[in-house]
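The structure presented is a predicted model; accordingly, all values stated were derived computationally and were not measured. One is the number of the first residue; the rest follow in order along the sequence.
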Amino acid sequence: MDMLKQARDGVIIIDDRNRIVFFNAAAEKLWGYSAAEVMGNNVKCLVPTEYRHDHDAYIAQNRTTGINRIVGTSREITFESKNGDYVSAEMSISTALVGAAGQRYYMAFVKGVTEESHRKKLLDLQNTVFRSLSGDMLIQDVADLVCKGVEGFVPNSVAVLMLVTSTQNLQILSGTGLPRRFGMALENMTLTDADIMALARDLDEADSVVWESYRSLGISLGLHDCWASAIKASNGRILGILALYSRNQHKAADWPRKIVCGAVPFCGVVIEQYEARQHISQLANYDPLTGFLNRSSLHKILKSMISQPGDNQFAVLLLDLDRFRDINDALGHLQGDIFLKILAGRLKKLCRSNYILSRSGGDDFVIVIPNATADMAIEFTKNIIEAMQRPLEVAGNHLSASFSIGIAIFPDNGPDGESMISHAEIAMRQAKKEARGGYRLVSMTDSRAAEDRLVLGSALRESLSRGMLQLHYQPQIEARTGEIYGVEALARWNHPTLGNIFPSRFIAVAEETGQIEAIGSWSLEEACRQLTQWDRDGVRIPVVSVNLSAGHFNNRGLASFIGGVLQKYGLSPDRLTVEITESVMMDESEETMKVLSSVRQIGVGLSMDDFGTGFSSLSRLTRLPLTEIKIDRSFIMNLESDSNAQAVTTAVIGIGNRLGMTVVTEGVETEAQYDLLESLNCDVLQGYLFARPMSAVELGGWMHQPRQLMSAMINQHDQRIM
C-alpha cells in the first residue's frame with residue numbers, strides 16, 4: 001500500500017458500493033482535492049458533471065455481466081479539477097475480488113498528459129484540416145470539422161468560427177451549437193475601425209468584441225464564459241475570430257485559451273481558402289462590372305425556380321438599353337462601362353431584396369420577379385421607365401437613358417428558362433420597334449413564333465443536311481404565244497413527323513434562324529441538276545428561276561459559286577435566272593452592286609421578285625442590271641375592278657418594256673386577268689390559270705400534254721401559220 005501512496009501516477013480505489021477508499025498524493029495533485037475531501041464519497045464526484053448521473057449504472061453493468069469494456073485497457077479521459085480546470089489524462093482500470101465474500105473492488109491508475117495531449121490533438125486536427133482543404137470537401141464542412149475538434153478539448157463548450165466581411169461585419173462560418181439569438185446578435189454587429197485596430201494590436205481583444213458586450217445575453221442563453229482570438233493574415237489584415245464559449249457555470253482556468261490560440265493558424269488558412277473560393281465563384285457566376293449574376297448563373301436559378309413544387313409563378317423582364325452605341329462612340333468604352341455601372345446601381349435600388357438581377361451581356365439586363373403576375377410586372381416596369389427619365393452624370397456629362405423592355409410570365413410563356421428568356425427577347429424587340437423606351441408583354445402569337453424557331457428551326461436544319469427538302473416547279477407562259485418561257489423553282493418541305501410545312505412558314509423560320517442562304521444555295525444547285533435531267537429526258541425547259549436571299553448578295557463569291565454550278569451541270573448561263581427581293585434593290589451599297597453586276601456579267605438573268613410590295617421606287621430600276629421584273633400577285637387579285645391596281649400594273653409594264661426588261665406577272669387565275677394583261681403588253685404570265693407548282697416528274701408529264709390556249713394566243717398562232 002505504501003508503494004501505491006508514493007506512486008507518480010494517481011491511484012484511486014473504490015469498493016463494492018463505488019465509494020472511494022484510496023486516493024494517493026498524485027491523485028490529489030491531479031484533481032486538486034485532498035484525500036480527506038473525497039474519501040468515502042461516491043467516485044462520481046471525480047467524473048465530469050455531464051456523466052455523473054449515469055456513472056453508477058456503468059459500473060453496475062460491469063459488476064453484473066462481467067463484460068469488461070474498459071477494465072484491462074488504457075484510455076484517454078478528460079475531467080474537471082477542483083478549480084474548474086479541465087485535465088486530460090490516460091487511465092487504466094483493474095479489478096479484483098476482495099475478502100471472503102468476494103467483494104469486487106476497482107483500482108484506477110491515472111496519468112496526467114494535458115499539455116502533451118493537447119499539442120498532439122491540435123497537430124492531428126491541423127493535419128486533418130489541411131487534407132480536407134486539399135480535397136473536394138466544402139469549406140463549410142471544413143469549418144464544422146474545426147469547431148467540432150476544438151469543442152472536443154473542452155467538454156460542454158461551443159466553438160464558433162467567424163470571418164470579418166468587407167463591410168466589417170461578422171459572418172458565422174461555423175457554430176452549430178451556438179444559440180440562434182446570440183449568433184444573430186454577433187452578425188448584426190458592425191466593427192468600427194477602432195475595433196479592427198485593437199484586434200490587430202492584440203488578438204485577445206476578441207474577448208471584448210464577441211463576449212464582454214454580450215455577456216448578459218450569453219448568460220441568459222446558457223453561456224457562462226468565453227475564450228476568443230482574432231485571426232490575422234500574413235499581411236496584417238484581420239480575417240476573422242475563433243471563439244470558444246463554455247456552458248459550465250463555474251469559472252474554468254485559462255488553459256482553453258491555449259487551445260484557441262493553437263487552432264488560430266489553421267483557422268486562418270480555412271478563411272483564406274473560403275475567400276479564394278468565393279472570389280472564384282464570383283468570377284464564375286457574376287458579371288465583374290455590375291456584380292449582377294451572369295447568364296449561366298441566371299439560367300441555373302431559373303431552372304431551380306421552375307422545378308419548385310406547387311403553382312409557381314414569376315416574371316422575367318429583359319431590358320435592352322437604347323442607343324448605348326452612341327454613348328460608347330461619344331465618350332469611349334471606359335466611360336460607357338461607368339455609365340452601365342451607374343445604371344445598374346439605379347436598377348438595384350428599384351428592386352426588392354428577393355428580385356434576381358442579371359447582366360446577360362453588353363447592354364442587356366434581366367430582372368426576375370418572384371411570385372409576380374403580369375399586372376405586377378407591368379407596374380414595376382413602369383417604375384423603371386419613370387426612374388430612367390432622370391439623367392445620369394458620367395464624366396461631367398448629364399446623360400439620358402431608356403430601356404426597351406420585354407416581359408414574359410411563367411408558366412404562360414414557356415416551360416423552361418431558355419424559352420422564357422427567348423420570349424422576353426421577342427417582346428423586347430417588338431418594343432424597340434414599336435415603342436422604343438417602352439415595354440411589351442409576350443403575346444401568344446410571339447410564343448408560337450418562338451416555338452416555330454425552336455422546333456421548326458431544328459427540324460429544318462436536319463432536313464437540309466439529310467436532303468429532305470424538294471423543289472416544285474411552276475410554269476411561266478409567254479402571253480402572246482402560249483409557249484413555255486421557263487419555270488420558277490419553289491422549295492417544298494414535307495417532314496416525316498411534322499407533316500407538310502407551308503413555304504410561308506418555314507421560309508420565315510429559315511430567315512430568322514440563319515438557314516435561308518443554305519436553302520438558296522441548295523435550291524440553285526438542285527434546279528440546275530434537274531434542268532440537265534429534263535434535257536436528257538427530252539423535256540425542253542428554256543430557263544429556270546431560283547430565289548436567293550439578300551444575304552447571298554453580300555457574298556463576293558456568289559458569281560463564282562453560280563458559275564461553278566453551271567459548269568458542273570454543263571448549262572449555259574442564259575438558262576438560269578436569279579430572283580432577288582426588293583430588300584436587295586434597297587441596298588445600294590457598293591459591295592452589293594458589285595455582286596449584282598458580277599452575276600449579270602457571267603450571263604445569268606436577274607429578276608426583281610414581287611416588285612411593288614416594298615418601298616422601292618421605279619427610278620431604282622434604272623440603276624440595277626436587271627433582265628426581268630415580276631409583278632406581285634397582290635396587284636392581280638382585283639385587277640379587273642381596282643383602278644389603282646390597273647394604274648400601277650400599267651406603269652410597271654410600260655417602264656419594263658421601255659427598259660428592255662421582260663415583265664412577268666404572278667397570280668394569274670382567270671381569263672379576264674389574262675386578257676387585260678395581254679392587252680397591256682405583259683410578256684410572261686404565271687399562275688393557276690396555266691398550272692400549279694408541281695414536282696419535276698409531274699412537270700415532265702404536263703409538258704407532253706396539250707395545253708389550253710387563250711383567244712389571243714390562238715390568233716397569234718393562226719397569224720404565224722398564215
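Between the side chains of Glu151 and Tyr245, not a single donor N or O lies within less than 3.5 Å of an accepting N or O. A donor atom on one side chain and an acceptor atom on the other are not found under 3.5 Å apart for Asn42 and Asn18.
Aromatic rings from Phe23 and Tyr33 are positioned such that their centres are separated by 6.0 Å or more.
Taking 4.5 Å as the limit, some side-chain heavy atom of Gln313 sits within range of a side-chain heavy atom of Thr373. The shortest side-chain heavy-atom distance between Phe266 and Leu125 falls under the 4.5 Å cut-off. For the pair Arg359 and Leu340, the minimum side-chain heavy-atom distance is below 4.5 Å. Side chains of Ile219 and His224 form a contact here, defined as non-hydrogen atoms less than 4.5 Å apart. With contacts defined as side-chain heavy-atom distances shorter than 4.5 Å, the pair Arg131/Val129 does not qualify. Residues Leu223 and Leu217 have side chains not in contact (no heavy-atom distance under 4.5 Å, counting atoms from C-beta outward).
Counting only residues at least two apart or on different chains, the side-chain hydrogen bond (donor to acceptor under 3.5 Å, both in side chains) pairs with a member in residues 174-184 are Asp144-Ser174. Applying the side-chain hydrogen bond (donor to acceptor under 3.5 Å, both in side chains) test to pairs two or more places apart or on separate chains, those with a residue in residues 211-222 are Glu212-Arg215.
For the side chain to side chain donor-acceptor pair (under 3.5 Å) test, no residue two or more places apart in sequence or in another chain qualifies with Asp202. Under the rule for a side chain to side chain donor-acceptor pair (under 3.5 Å), the partners of Asp207 that lie at least two apart in sequence or sit in another chain are Arg257. In this view, Ser34 and Glu37 satisfy the side chain to side chain donor-acceptor pair (under 3.5 Å) rule, not counting sequence neighbours. Checked against ring pair (Phe, Tyr, Trp, His ring centres under 6.0 Å), Phe314 has the following partners two or more places apart in sequence or in another chain: Phe410.
To the nearest 0.5 Å, atoms CG (Asn354) and CG (Asn371) are separated by 7.5 Å. How far CG of Leu244 is from OG of Ser246: 7.5 Å, rounded to the nearest 0.5 Å.
Annotation for Cys267 and Ile231: closest pair CB-CD1, 3.7 Å, computed over non-hydrogen atoms.
Between the Thr190 side chain and the Asn169 main chain, no donor and acceptor come within less than 3.5 Å of each other.
Taking a 6.0 Å sphere around CZ of Arg247, one finds it holds more than 12 heavy atoms contributed by other residues, nucleotides or ligands.
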